[in-house]
Amino acid sequence: MSRYNHRNKWTRHDYIVRCLSITIVIAILVTFMPRESVRTFHYHEGGIWDYATLIAKDSFPILKSNAQLQKERDSVRHYYEPYFLCKQHTADSAISLWHKTFQNEFKDIIPDYYENYVTSKLMEFYDHGIISGEEYDIIDDPRISSIRVITGNISAIRSISDIKSPKSAYEALINNADTVRFKRSLLIQCRLNRFLNANLHYDAAKSEQELRDVESLVTPYLGQVIVGQKIVDRGDIINADTYRILESMHFHLDQREKSPTEVILNLSGQAIYCCIIVILFFLYFQQFRNDYLTSSRVMLLISTLFLLFPLITYGIVVHSDASPYILPYCIVPIFIRIFMDSRTAFIAHLMTILMCVPAVSQPAEFVTIQTLAGLTAIISLQQLNERSELFRAILIVLAVSVLAYISIQLINRRVLYIEDVNYTDLISIAISCLLMMISYLLLIPIENIFGFTSNVTLIELSNANNPILRRMSEEAPGTFQHSMQVANLAAAVAERLGAKNQLVRTGALYHDIGKIRHAAFYTENQRGINPHDRLTDIQSAQIIISHVREGLALAEKHKLP
């Protein structure tokens, strides 16, 4: 690698720019790094405590499980009585309207005792209470048996069974009548639904306060752990009670307010950690690939990848419950391997993974699995010439990652039976490998943004059906055959030297495209007639030399890399 490490003397401006770049990278990482503490203990109910004896360093309450809290809330919900406001004028208006309507519309066609029957039923329904269909859903809960009705300054309890909606009241009025005395057809003819309106209205403020008062009867605590109390010994089975204590301890640590000293120490630790990794990363380039430091496009691509995945990891940890394994971290070594070299790809991948460590819950396991996956990607993807090579590399990375994950679980005795395997993490690993396939789609935008050229693009440019090569084969066939021969010879030499043979081959194919304009002035395209015979030596030389300038113009026109 020393042949790439061309050391140029840095100016003061170079030092300032590099120091400023390092400072910006560190500031971005520290700004978005999670401030909450990451769990250092990993356990599950029924498992074995693999750590040293745990002593409580602070007093904290033991929390009930969500299932237990919900069960207790459901049990006390029977005491909950929603509040409804009674509007007496609704009943008076409805009964008065019924009398007027009966006298005006039905007196001559319906017997008078119908009027008294309907009046008595309306009074009965309104006395018990009628609730609108929308608000009736509020009390349509098997846990609610009664409501509180407020009339003026008086509150009364009424049974849910007596309360009706306008629809149910109408059905009761029509269907429960004495069919001998009252004909259903005549009752329907009266359109009695006009006189059935809600006189009870939901009081949201009072009801919500009542619900809070009822739920306050349920305490969220089972007990208290005192500072200095032993929680669990090494090798103990984690039963349900111990599991609740451990969960309560972590909840207490997450919720308690940090002191200013703790905040400063936390920020200092994060800043120091970021400084170590970023500076070591920079020193790698200074020591082994100083030529990369002089290339702004190379450093921009590496910096973008180096920042992107840690920032996404921080976001996942803070704002979602997804596993960090779902991210395709191997995209970092794949891109850097394709555009640069394998050593830089590994170092960049390792530094990226280490920068994600402060946000993950199992750092040793995470670093091990991702490092093995990155190494596998680098080794299995020598050159990206075809899509099949990327798919094959992804399958190998998937197999290595899954085997590494399971083996670590077996080593740490977290898996004793097949059902103990954490399939959530395995599914996340599989999804990350699927997401790695987008690296093939991202090649073109990365090439355009950062100015790189991949083997896939070089192979596409080597196709004889490319517009420039096809034009050269038609207008300068001799030059085309000459370029093909030079390309084959140069690629063979490059392969023996360990150089990039595809790059050399593609470059050789296009090295004489400038001869297309004056094809007949070059020996390989002549057929017995030499146009130079009619020109002076200077004119001939100018035409021949111009093929370099014409080639550059043609390459720019067709946007060759």
Side-chain angles (χ1 to χ4, degrees), residues 1 4 21 25 28-29 277-278 281-282 284-285 288-289 291-313 324-356 367 369-398 400-401 429 431-461 500 502-503 506 561:
M1 301 294 288
Y4 302 112
S21 302
V25 170
I28 293 174
L29 291 169
I277 293 179
V278 173
F281 200 14
F282 172 78
Y284 160 78
F285 290 107
F288 298 102
R289 293 306 302 252
D291 55 320
Y292 286 165
L293 288 176
T294 60
S295 175
S296 57
R297 64 189 180 94
V298 171
M299 295 311 301
L300 184 59
L301 175 60
I302 294 175
S303 300
T304 301
L305 294 174
F306 177 68
L307 283 172
L308 181 63
F309 283 92
L311 294 180
I312 296 177
T313 303
Y325 288 109
I326 202 171
L327 289 180
Y329 294 98
C330 288
I331 285 181
V332 175
I334 285 176
F335 280 146
I336 297 181
R337 175 69 184 86
I338 290 173
F339 296 125
M340 297 167 215
D341 63 274
S342 56
R343 180 188 290 188
T344 304
F346 175 71
I347 294 296
H349 179 64
L350 181 60
M351 293 300 180
T352 303
I353 295 304
L354 290 176
M355 191 54 68
C356 298
V367 171
I369 294 173
Q370 296 301 335
T371 301
L372 292 176
L375 274 172
T376 304
I378 294 171
I379 294 171
S380 59
L381 192 65
Q382 294 292 333
Q383 295 290 339
L384 184 58
N385 297 325
E386 301 176 357
R387 287 191 296 266
S388 59
E389 295 179 356
L390 178 61
F391 297 150
R392 183 191 65 207
I394 290 174
L395 291 176
I396 297 174
V397 169
L398 175 61
V400 170
S401 300
I429 292 174
I431 293 175
S432 72
C433 290
L434 288 176
L435 293 176
M436 285 171 55
M437 289 191 291
I438 66 174
S439 57
Y440 191 85
L441 301 176
L442 293 176
L443 282 176
I444 294 178
I446 285 182
E447 290 179 6
N448 293 334
I449 294 172
F450 297 98
F452 288 98
T453 305
S454 66
N455 270 11
V456 175
T457 301
L458 294 175
I459 292 173
E460 292 175 353
L461 292 173
K500 297 181 179 180
Q502 187 61 52
L503 175 62
T506 307

Discussion item. If I compare all heavy atoms of Leu381 with all of Glu389, which pair ends up nearest, and what's the gap?
Written reply: CD1-O, 3.8 Å
Worksheet item: Roughly how far apart are Ile336 CD1 and Ile378 CD1, rounded to 0.5 Å?
Response: 8.5 Å
Worksheet item: Thr371 versus Phe346: any side-chain heavy-atom pair under 4.5 Å?
Response: yes
Worksheet item: Under a 4.5 Å cut-off applied to non-hydrogen side-chain atoms, are Phe309 and Ile353 in contact?
Response: no
Discussion item. What I'd like to find out is whether the side chain of Tyr325 reaches to under 4.5 Å of the side chain of Ile369, using heavy atoms alone.
Written reply: yes
Discussion item. Testing the basics here: between Met436 and Pro328, what is the closest heavy-atom pair and its distance to 0.1 Å?
Written reply: CG-CB, 3.8 Å
Practice prompt. Go through Ile438 and Ile331 one step at a time and tell me if the side-chain contact (heavy atoms from CB on, under 4.5 Å) criterion holds.
Written response: CA-CA 9 Å; Ile438 66 174; Ile331 285 181; 4.0 Å; yes
Practice prompt. Indicate the atoms forming the closest heavy-atom contact of Pro445 with Leu441, along with that distance.
Written response: CD-O, 3.4 Å
Worksheet item: How about Leu390 and Ile334: do any of their side-chain heavy atoms sit closer than 4.5 Å?
Response: yes
Item to complete: Step through the shown structure and confirm whether more than 12 heavy atoms of other residues, nucleotides or ligands are within 6.0 Å of CD1 on Ile444.
Response: no
Worksheet, complete the sentence: Here the gap from Ile326 atom CD1 to Cys433 atom SG, rounded to the nearest 0.5 Å, amounts to 11.5 Å
Item to complete: Please report the shortest heavy-atom distance between Leu327 and Ser432, naming the atom on each side.
Response: O-CB, 3.5 Å
Discussion item. For Ser295, give me all partners under side-chain contact (heavy atoms from CB on, under 4.5 Å), at least two apart in sequence or on another chain.
Written reply: Arg297, Val298
Practice prompt. Keeping the roles fixed (side chain from Thr294, backbone from Asp291), state whether a donor-acceptor pair exists under 3.5 Å.
Written response: yes
Fill in: Ser401 vs Leu372 side-chain heavy atoms within contact, under 4.5 Å
no
Discussion item. Is there a side-chain contact (heavy atoms from CB on, under 4.5 Å) between Met351 and Tyr284? Walk through the geometry before answering.
Written reply: CA-CA 11 Å; Met351 293 300 180; Tyr284 160 78; over 6 Å; no
Worksheet entry | For Met340 against Lys500, the heavy-atom pair lying closest together | O-NZ, 4.2 Å
Discussion item. Leu375 vs Val400, test: side-chain contact (heavy atoms from CB on, under 4.5 Å). Steps then yes/no.
Written reply: CA-CA 10 Å; Leu375 274 172; Val400 170; over 6 Å; no
Fill in: Contacts of Thr313 that satisfy side-chain hydrogen bond (donor to acceptor under 3.5 Å, both in side chains) - sequence neighbours left out
Tyr329
Item to complete: Evaluate the ring planes of Phe285 and Phe281, with Trp represented by its six-membered ring, and classify them as parallel (under 30°), tilted (30 to 60°) or perpendicular (over 60°).
Response: tilted
Worksheet item: Heavy-atom distance under 4.5 Å between the side chains of Leu461 and Pro561, does that happen here?
Response: yes
Worksheet, complete the sentence: By side-chain contact (heavy atoms from CB on, under 4.5 Å), Val278 pairs with (sequence neighbours left out) Ile22, Val25, Ile26, Leu29, Phe306, Met355
Response to the item:
Thr344 and Arg289 have their tightest heavy-atom pair at OG1-CG, 3.9 Å
Worksheet item: Taking the side chain as C-beta and beyond, is there a heavy-atom pair between Leu305 and Thr352 under 4.5 Å?
Response: no
Item to complete: Indicate yes or no for a side-chain donor-acceptor contact from His349 to the backbone of Gln370 under 3.5 Å, with no hydrogens or angles considered.
Response: yes
Fill in: Between OG on residue Ser296 and CG on residue Leu301, distance to nearest 0.5 Å
11.5 Å
